[in-house]
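Below you'll find the structure, written out as structure tokens, and then a few comments.
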Amino acid sequence: IKNDINAIKQVLWGFDLPIAIVSKARQIRKEKKFYPMDHCFTSYKEPLIDGGRFECIAACLLRRGLYSETTGFTSKCSLGFFRDYNQKEVDFVIQKGRSIILAIECKLKAKIGAGNLKIFSKYKPEETILLVEEEGIFEKIGDSAHAISIELLAPCLE
């Protein structure tokens, strides 16, 4: 079954994100999230879930921004996600070694809030971002989080 799943992943041309903040041995045992590079595969459910497509687009942007195949340099940062035992999840965590540089939660609208980022604040990330699909959003929410529109973040990762 694993060989069949790996063959499908190669055909879909995507990548796995491991769970962050745990040891390498536990990362191997934990389940990973798969993001296809082609976003049409994220809309297979009825009704269409726009949040999954938006999260996939953000994952592809972050991966391309961190791991540029054209330069030949490897990044010292790693991209992953965080999930606790209560299934609370932060969509993307960027680490440099053991320190957490950035925690990103994806939402369609800024009014939904950054509840999971508040839970994640005990790990003391340097920055926390609520990445939203709405246009023209760039504001501070709470004490340490910022809501940023994807249209403003995407050019920074190109």
With sequence neighbours left out, write down each residue that passes side chain to side chain contact (heavy atoms under 4.5 Å, CB included) with Phe138, or none if nothing qualifies.
Ile148, Leu152

Between Ser149 (side chain only) and Glu134 (backbone N and O only), is there a donor and an acceptor less than 3.5 Å apart?
yes

Asp91 side chain to Cys106 backbone, donor-acceptor under 3.5 Å
yes

Quick one: [atom1] on [X] to [atom2] on [Y], what's the gap to the nearest 0.5 Å?
X      : Y      : atom1 : atom2 : result
Leu130 : Glu139 : CG    : CD    : 9.0 Å
Leu62  : Ile104 : CG    : CD1   : 4.5 Å
Glu135 : Glu151 : CD    : CD    : 5.0 Å
Glu105 : Leu131 : CD    : CG    : 10.0 Å

For a 4.5 angstrom cut-off between non-hydrogen side-chain atoms, does [X] reach [Y]?
X      : Y      : answer
Phe92  : Leu79  : yes
Ile19  : Lys32  : no
Pro125 : Leu102 : no
Ile94  : Ile100 : no
Ser78  : Gln95  : yes

Residues Glu89, Arg83: salt bridge by 4.0 Å N-O rule
yes

Between Arg53 and Glu55 (salt bridge meaning N to carboxylate O under 4.0 Å), is one present in this structure?
no

Which atoms form the tightest heavy-atom contact between [X] and [Y], and what is the distance?
X     : Y      : value
Leu61 : Ala154 : CD1-CB, 3.8 Å
Phe54 : Val132 : CZ-C, 3.5 Å
Leu17 : Tyr35  : CD1-CE1, 3.4 Å

Step by step, would you call Phe82 with Tyr123 a side-chain contact (heavy atoms from CB on, under 4.5 Å)?
CA-CA 11 Å; Phe82 174 77; Tyr123 293 101; 3.5 Å; yes

